Amino acid sequence: MIDKNYQPADLEGRMSLIWEDARAFSAGRPDRRDADPFTIVIPPPNVTGSLHMGHALNNTLQDILCRFERMRGRDVLWQPGTDHAGIATQMVVERQLMERQQPGRREMGREKFLERVWQWKDESGGTIINQLKRLGASCDWGRERFTMDEGLSKAVVKVFVELHRAGLIYKDKRLVNWDPKLLTAISDLEVQQLEVKGNLWYLRYPIEGRTFSPEDPTSFIVVATTRPETMLGDTAIAVHPDDERYQHLVGKRVILPLVGREIPIVADTYSDPEKGTGAVKITPAHDFNDFEVGRRQGLPQISILDREGCVALVDNEDYLRGLPEGSEEFAREFHGVERFAARKKILERLEAFGFLERVEPNTHMVPHGDRSGVVIEPYLTDQWYVDAKTLAQPAIAAVRSGATTFVPRNWEKTYFEWMENIQPWCISRQLWWGHQIPAWYGPDGKAFVAETEEEAVSHAIAYYVEQEVISAEQGREMALDRNKREGFITRDEDVLDTWFSSALWPFSTLGWPDATPEVKRYYPTNVLVTGFDIIFFWVARMMMMGLHFMGEVPFSTVYIHALVRDEKGAKMSKSKGNVIDPLALIDEHGADALRFTLAAMAAQGRDIKLSTQRVDGYRKFANKLWNASRFAEMNGCTVPEGFDPAAAKEPLNRWIAHEAAAATREITDALEAYRFNDAANAIYRFVWDVYCDWYVELSKPTLLGEDGPAKAETRAMVAWARDEILKLLHPFMPFITEALWESTAKRDGLLTLSPWPHRTDAPTLAEIAALSAASFGDPLVPPILVSFDAASFKDEAAEGEIGWVVDLMSSIRSVRAEMNIPPSTLIPLVLVGASAETKARAPRWLEAIKRIARVADLSFADSAPDGSAQLVVRGEVAALPLKGVVDLAAERTRLTKEIAKAEADIERVDKKLGNEKFVANAPEELVEEEKEKRDAALARKAKFQDALSRLQGV
RNA sequence: GGGCACGUAGCUCAGCGGGAGAGCACUACCUUGACAUGGUAGGGGUCACAGGUUCGAUCCCUGUCGUGCCCA
């Protein structure tokens, strides 16, 4: 029994349990052992995450593909899991400690803190998984993985060690993006360039050997800078080698104001003569460009800030080297001053001594940490790097060769652009939550990279014995006794970038590095579904790691979907307060409605502007299906055992089979091409416009009429078509379809595991004509290539008949509305000069016509009765005698309009056909088509004119 | 500055070389035995603008204007 009302909330909960109990989404089901695998790995959401609209879209699309392929008989593995999200998670737990006024991370110590994070993960880390289940995600939940679980950690260590051994991971001292709030290095991708209104300060640097005077321009050189506080670490001034203004100064030295350091003026093409004064200060330890200039020019690097972004001059040997007497005092004065306070203080001092020439407002881009939001400091530190340039080569080649393709294609350009200019990837993070780097340092700081501490120890001992740092005897003792080597080597404290482990996701989740059956069966995966914002973060890196370690691309297709925005097109963000919570939408409208909305709006290459109104509309769609199913139930519609829809005799039933086949084909084609919106719209139209509005309506007379073969067949067919709908709609609206599947018949199994409707190639008339023409006269090709198997349902006669009924009814309704004839008024219908075919058809549809078009009775005549409204239906005239019922003037107006319309058509076609070039150049079929249109329009015009003259006579 | 999109009905968006489409909103009518979360009919668009290619351009090309995003 189907409930009277469609209530998504309880129905969706119930279906989730049914699927779970049946383990419906388990990969490797015994009955599919021989099936083709179909694999998708989920983009693992952060454990800290809560389902947002982006997740909802991303997972809806993946689920549609998985359910589609599962119904097509594939062995589907949708691999779920979560990401440990280093910085984000650590921040969440630290915040929690602070809110509860508990000891902070540092006070607790590393071990205790990590315990605490794990505890948090166990308690709260499952939130998003449950939310994904509410959305209907058909993942193989039993295989859920976490980037920091044992198996995945093993993969991470293995990858690190192997890449290090291959020279593709190395330690280097260079500038990194340093986050002075989170106190860690971050990668280029985690830096956001934000436009900031600042100033350009013009500073005078006195030239050595001249007496400095603000009045004497020859006594100094002016440099422009946006970061005056870094002048403490300047080690040169650069001018362009071709800049004539400064030729005479190259090679001379200047005295760094306030500091007193002597620094050279060098010629370097980095300096842009158009910008500022053309002379630029060089601070290699605090600016990426300056760092490169410094390297080229052999300049010292003087770091003048500490980890927290405060000036650090006391005991700073690099800074103090070579400075005049009394510099310590200045150093003490500025030591510990925060960077922005220091900027102000230094500017005041420069101004006081006449070193500040002028200030210009200047808007420029400033790097910010995407997590902390603070200004990033280029900072000189030792970090671990991946040689991304080398790893990128095969990854570029794989996309070039088509081993992996992007959908839509244009994202490949973005991918290439980035991959071809890829920079070393800084992978070490000064955090605690994450995979600790498997490197141990000996007493002299030499690094030993190994999979285990034991292994590192033995490498270290061997090395130091050979270096004669320790004796062979000592070495043996240390190897045997843990206590003896206490403190001999210490592990690197840093952890890896979260994306390092995510990069391994397509194979680490399958059990790699072990040679599991899963790795063999499910790698490479079929498609990756993700947003364009993580092509660099994730997709590119999976490509690199997958190719390097598995020797094969991790996925053959990357489907890039759009961003979900609010209804005005603004990016959803907490600060703007325009976030639409998918869970709230699910509560209100149901997961099915939300999913359908997202799918219907997921046109390739276009962002989704989500409106809740639309979601509500699709809930109504679900309600419509619900009620149509109730109608079927109330009329005893079931599919009898062994029923063959292809054997249906009734034209209406043959017609719906034909339409179902066409819809199947359209939906299947669209899904295969990732055109989710086309697929969604096709099923929507089929359910509402075809099945509900016409098929069910036209079947009512039969269903409500006397028992007999026609009624039995119609009952079976109404149910059969509904089942086809449930299947075709299931990937989009899994809950309601499964629920209706369950409640409308006794079933062998779940809908979600039922076979997808047979993809019948129902060729159009044009296709049949083309095929026949193409094969005509060729003895090797049979006249018609397409075999019309039992399930092909192609039926021109049925299509012609139902098409005529539909057109007739629509026309009558239209005229009635225009004439303002109330539904209560039944009018007679006269078919004028009807063909034999029409004469045969019409009585079959009498009941339906009476009912739907509000017709009193039907008769045939050779000419239209006087004073009747006349319609042209498929070239034949239908008359509605309206004498006394209707305003004849209104009918005259209507006919005049119809005639004008026909004339306009004729005129347009004539213009075309009158154009010699058109006739000469356009394809022959098109010219034929135009001629046919012309004839049809002429005939229509004649009939309306005839009708009009008849009306005049009244 | 470089790159990628996008300007189509009041709104949100499909379509993309041969007669302008959907949903919502709007107007009128209808409680007909699945559904008023419904039905029927209808109004509404020089497809941003200007050139070009073509027999033919909303669609292809160029430019202009406007909007958004990514990278430097």
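Protein chains get the first letters and strands the later ones, always in sequence-line order, with residue 1 at the start of each. Computed from a prediction, not measured in an experiment: that's the story for all the values here.
For the pair A/R619 CZ and B/C35 C1', the computed distance is 13 Å after rounding to whole Å. Following rounding to the nearest Å, A/D287 (CG) and B/A72 (P) show an atom-to-atom distance of 14 Å. Atom CG of A/D678 and atom P of B/G15 are 7 Å apart (whole Å). The interatomic distance linking A/I852 (CD1) with B/A34 (P) rounds to 12 Å, in whole Å. What separates CD1 of A/I422 from C1' of B/A72 is a distance of 16 Å, to the nearest Å. Rounding to whole angstrom units, CG of residue A/N5 and P of B/A34 are separated by 15 Å. In this structure, A/R722 places its CZ atom 13 Å from C1' of B/A34, rounding to the nearest Å. Atom-to-atom, NZ of A/K4 to P of B/A36 comes out at 6 Å; the value is rounded to the nearest Å.
Contact annotation: side chain of A/E417 to base of B/A72, donor-acceptor pair absent below 3.5 Å.
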Expected list for residues 905-912 of chain A: side-chain donor-acceptor pairs under 3.5 angstrom, two or more places apart:
{"from": "A/D905", "atom 1": "OD2", "to": "A/R940", "atom 2": "NH2", "distance (Å)": "3.2"}
{"from": "A/D910", "atom 1": "OD1", "to": "A/R934", "atom 2": "NE", "distance (Å)": "2.3"}
{"from": "A/D910", "atom 1": "OD1", "to": "A/R934", "atom 2": "NH2", "distance (Å)": "3.4"}

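Side chains of A/M733 and A/R595 form no contact here, defined as non-hydrogen atoms less than 4.5 Å apart. Using a 4.5 Å cut-off on side-chain heavy atoms (C-beta onward), A/R174 and A/P424 make contact. Looking only at side-chain heavy atoms (C-beta outward), A/V407 and A/I560 stay at 4.5 Å or farther from each other.
On the C1' atoms, B/C59 is 11 Å away from B/U8, given to the nearest whole Å. Here, B/U32 and B/A14 have their C1' atoms 34 Å apart, quoted to the whole Å. To the nearest whole angstrom, the two C1' atoms, one in B/A72 and one in B/C11, are 37 Å apart. When the C1' atom is used for both B/C24 and B/G51, the distance is 37 Å, rounded to whole Å. Taking atom P on both nucleotides, B/A20 is separated from B/A48 by 15 Å, rounded to a whole Å. Rounded to whole Å, the separation between the C1' atoms of B/G19 and B/G2 comes to 43 Å. The P atoms of B/C65 and B/A28 are separated by 45 Å, rounded to the nearest whole Å. When the C1' atom is used for both B/G44 and B/U27, the distance is 11 Å, rounded to whole Å.
Take A/W425 and apply the side chain to side chain donor-acceptor pair (under 3.5 Å) test, not counting sequence neighbours, and it matches A/D497. Contacts of A/F676 classified as ring pair (Phe, Tyr, Trp, His ring centres under 6.0 Å), with partners at least two apart in sequence or in another chain: A/Y559. By the side chain to side chain donor-acceptor pair (under 3.5 Å) test, A/N5 is found to be paired with no residue, residues two or more places apart in sequence or in another chain being considered. Not a single side chain to side chain donor-acceptor pair (under 3.5 Å) links A/E818 to another residue, sequence neighbours left out.
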Close N/O contacts between protein and nucleotides 38-42 of chain B (under 3.5 Å):
{"from": "B/G38", "atom 1": "O3'", "to": "A/K624", "atom 2": "NZ", "distance (Å)": "3.1"}
{"from": "B/G39", "atom 1": "OP1", "to": "A/K624", "atom 2": "NZ", "distance (Å)": "3.2"}
{"from": "B/G39", "atom 1": "OP1", "to": "A/W688", "atom 2": "NE1", "distance (Å)": "2.6"}
{"from": "B/A41", "atom 1": "O3'", "to": "A/S814", "atom 2": "OG", "distance (Å)": "3.4"}
{"from": "B/G42", "atom 1": "OP1", "to": "A/S814", "atom 2": "OG", "distance (Å)": "3.1"}

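Every stem involving RNA chain B, taken as at least 3 paired positions in a row under the Watson-Crick or G-U wobble test at 3.5 Å, is listed here: B:1-7 with B:65-71, B:10-13 with B:21-24, B:26-30 with B:38-42, B:48-52 with B:60-64.
Here the side chain of A/K917 is nearest to one of B/C55, B/C35, B/C4, namely B/C55. When each of B/C24, B/A72, B/A34 is scored by its nearest atom to the side-chain atoms of A/R630, the top-ranked nucleotide is B/A34. Distances were taken from every side-chain heavy atom of A/F536 (C-beta onward) to each of B/A34, B/C70, B/C30; the shortest belongs to B/C70.
Dashed line: the shortest gap from a side-chain N or O of A/K700 to OP1 or OP2 of B/A34 is under 4.0 Å.
Considering all non-hydrogen atoms of both residues, A/A682 and A/I667 come closest at CB-CG1, 3.8 Å.
A/R816 comes within 4.0 angstrom of no nucleic acid atom, judged by non-hydrogen atoms across all strands. Using a 4.0 Å heavy-atom cutoff across all strands shown, A/E697 reaches at least one base atom of the nucleic acid.
Within the structure, every pair that satisfies the side-chain hydrogen bond (donor to acceptor under 3.5 Å, both in side chains) test and touches residues 805-815 of chain A, not counting sequence neighbours, is listed here: A/D807-A/R874. Among residues at least two apart or in separate chains, ring pair (Phe, Tyr, Trp, His ring centres under 6.0 Å) pairs with a member in residues 593-617 of chain A are A/F596-A/Y618, A/F596-A/F621, A/F596-A/F732. Listed by first then second residue, pairs satisfying side-chain hydrogen bond (donor to acceptor under 3.5 Å, both in side chains) with a partner in residues 412-421 of chain A read A/R400-A/E420, A/R409-A/E412, not counting sequence neighbours. For the ring pair (Phe, Tyr, Trp, His ring centres under 6.0 Å) condition, no pair includes a residue of residues 897-932 of chain A, sequence neighbours left out.
If A/R854 and A/W411 are placed on RNA chain B by their nearest nucleotide, the residue sitting closer to the 5' end is A/W411. Take the nearest nucleotide of RNA chain B for A/P822 and for A/N677: the residue whose nucleotide is more 5' is A/N677.
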* Letter per nucleotide, 5' to 3', of nucleotides 16-22 of chain B [B base touched, S only sugar-phosphate touched, - untouched; heavy atoms, 4.0 Å] -> --BB---
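The pair A/E891-A/R894 meets the salt-bridge criterion, since a charged nitrogen lies less than 4.0 angstrom from a carboxylate oxygen.
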